[in-house]
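Presented below is the structure to which this report refers.
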Amino acid sequence: MLWAAVTRVQPINDMRSDMDLEASNTFEDGDWSSELRIPTAALSVFRSLVIDYLWIRADNLKNDGQYFDALYLARMICALQPNLPSVWQFNAWNMAYNISVGLPSGPERWNWVRAGYELLRDRALVYNQTSMELYSELAWIFQHKIGGITDDENSYYKWRLASEMFPLMGVMTNTEVELLAESPRSWGQYSSAPFRERDFAAPMDLLLKIRDDENNTVARYIYNNLTPDFRERLGAFDEVAARAALRSNVVAQPDETIDVQAIVEPLLLDMMNEFNMLLLDENLYDAQRFANVELSEEIQELIGQNLRSWDRIPLNRLLIEAAFPAEITPQQRYRLDDDPDVAAVIEAMMQAEPGFESTEDVLAGIVQMLRDQEGFSDELMALMPEIVQNQNQAYFRLQRFERARLLRQEWKIDPVWILIINRMYGPINYDNPNRRLCLDWRSAFVHAIYWAERGLQYSNGESSFDELNLHRRVYHSLQSLFHYGNMQIRRTYVPPTHTETAEGQEIISRQPVTEARVYLSQDLRMFPVAYQATLDVIRTRTDRGEEEPSGVVDGSLNLLRSGITNLYLAGHEALARYYYRELRQRRPDAEETQGTLVDFVRARMRQEAEQIGPKGASDYINSLLRESFARYALLDDENAMIREQWAAQIHDLFEAEFTDEQGDRIVLLDMDELRWIALQDFFADPMTDPAFKGALLERMRIEAPQMYERVMELLERQMNAAPFAQ
């Protein structure tokens, strides 16, 4: 029997190879620690038995609270079964969910949550690069564990992720992301920029060449790899109308400018995204495909280096420039090790800071300064303003290089992908909805979208459970960004607390401290993006001949109703009308769409008022106004406006349509009086964060000095009336 089994080994291995199921050796590149190699190599035929034993042992250790021992065994299990996604998935989930909640404090829990997503991101995807279920699990940890509220320490998780991302991303613009993506991947490498609008010297000609030139093998490859939606839009592209629109824009005819945005701009912006995707394409170069393209010596040398996908961006950019020399402008490139201004900045900083002994020390110090400026010499801190002012370009090139390096190597996030995700799902610009703003990459929901989109690269275009899950990660995260995407971090004063003990014992008091807290609120700019994502999922399913997913359809309609109401209350009436027309098209016979936009909003308010009831009207209005003041204090004016308008609408509705138990019309105080009462309650409430009170007073002092004086008089009277006042 043993001989018969041996004779079947080679055929089985051949079948594994044909089906792409060959087991990886996780220790070939030295990525895993050496202490795991010898026991792994020694297992041989007992591998399966040992794996079973390790699973049982690891679970027992976890139940006994021996988490670090359990982690060690989990790593060994993954090393023994590197090509089974479910093994990685279970162990990551075990760390992020089961083990983390067994620990008492936020910092201790965070270490295990981070260990969970790092196991997937840094290990599992190395050996299972095309596994959509691993990308889905990774996105879920960011979306649910960090972004959600089920864990008691979720606020701490949000703060840790935000604080770690802030020095690398902060609150950025797409222009800054472009410069970040342009940073070289190594110190001695040339820069390679993503595509910008100005790089397309002849955008119309490029569109037509990609669509119509059957003899251009590079153009055919690009066309065949476009998304189906973009290919459809490109097929319907009207060259005559587009060129006329561009000409009309040149002579600045206002009535024709809309045509430019409607016909040209969306297509060009999406084409730019498609070309940036090509920068990451592992299969762009093919000798036959580029046979008729003149390639420079530099390109041929890069081709000869047999670059891995990690390094293909410089090569692919040069290949695309060579394939379309008349349509695409070559980028201006630079090398950091060949820049005398960069060398001068490094030398000056090394002389000013004794702890900087190498270029690597300087780069690490530059990023550390973005976190805090403690621990550096006085000479360096005195020098920095001069460097930033006089050697601005060189200094920020250094800063961007190190930030991009940390994103790529530590976070496994490519700045080119950041730019792509921003242009797919960034907040709308109210002045021009065709253009997307930069997402807030401090948010866990944005990270969830990133990893879900990376996983969707490996979809074969057919419906599957894993593909549907990835789409869910995207549109659920976008909806969460609509509801909670406005992130503000404030350092707030936490007063001392006192614990009364038995008579004769001391009172234990905690010293006052200052803590960083994360405040989340609605980001109305994300509504159109989140809503469109639900429509895309519905369309994808119906285009394949499948039924509309009822859960997505219902969620999409509820999101649409909420967006219409909030847009209207925030003063974006034109957008609210646009989406109300959308609701009427989707629900033409529904009672809610039979009237005007104002009727629709009023009906929504009436439903809210009926749930509140006459007795709760004043309290509800008071809570809305107090929340509005808190939002103003955080400079979140749009959400402050929504809450104030909501309060005003509810007030008017009660007075006009509601009666009390005796049948008399409800009479409320005038809105100005209610606003003043709510303001008094805001300042009198000991639960209101003192930082909010101070911030609101400062805004009032500048923007509403009369109200500021009135509040200060109130606070002075309260202080004089307080017990034990001198």
For Glu546, enumerate each residue passing the salt bridge (Lys or Arg N to Asp or Glu O under 4.0 Å) test, keeping only those at least two apart in sequence or located in another chain. Arg541
Sequence neighbours left out, what passes salt bridge (Lys or Arg N to Asp or Glu O under 4.0 Å) with Glu327? Give chain and number order. Lys209
Sorted by chain and number, sequence neighbours left out, salt bridge (Lys or Arg N to Asp or Glu O under 4.0 Å) with Arg405 holds for Glu402
May I have all residue pairs that pass salt bridge (Lys or Arg N to Asp or Glu O under 4.0 Å) and include part of residues 141-151, sequence neighbours excluded? Arg109-Asp151, Lys145-Asp151
Please confirm whether Arg114 makes a cation-pi placement over Tyr157, using NZ or CZ under 6.0 Å from the six-membered ring centre and within 45° of the ring normal. no
Using side-chain hydrogen bond (donor to acceptor under 3.5 Å, both in side chains) as the criterion, list what pairs up with Trp451, not counting sequence neighbours. none
Please name all residues satisfying side-chain hydrogen bond (donor to acceptor under 3.5 Å, both in side chains) with Arg335, sequence neighbours left out, ordered by chain then number. Asp337
Who are the side-chain hydrogen bond (donor to acceptor under 3.5 Å, both in side chains) partners of Arg333, not counting sequence neighbours? Glu298
Pairs where residues 202-229 contributes a residue and the test ring-ring contact (aromatic ring centres under 6.0 Å, His included) is met, not counting sequence neighbours: none
For Tyr135 and Gln457, does a side-chain donor sit closer than 3.5 Å to a side-chain acceptor? no
Applying side-chain hydrogen bond (donor to acceptor under 3.5 Å, both in side chains), name anything that partners Glu582, two or more places apart in sequence or on another chain. Tyr531
Provide the full list of salt bridge (Lys or Arg N to Asp or Glu O under 4.0 Å) pairs with a residue in residues 169-181, sequence neighbours left out, each pair given once. Glu176-Arg400, Glu176-Arg403, Glu178-Arg196, Glu178-Arg423
Would you please name every residue forming a salt bridge (Lys or Arg N to Asp or Glu O under 4.0 Å) with Glu548, sequence neighbours left out? none
Of all pairs that satisfy salt bridge (Lys or Arg N to Asp or Glu O under 4.0 Å), the ones with a partner from residues 523-532, not counting sequence neighbours: Asp523-Arg525
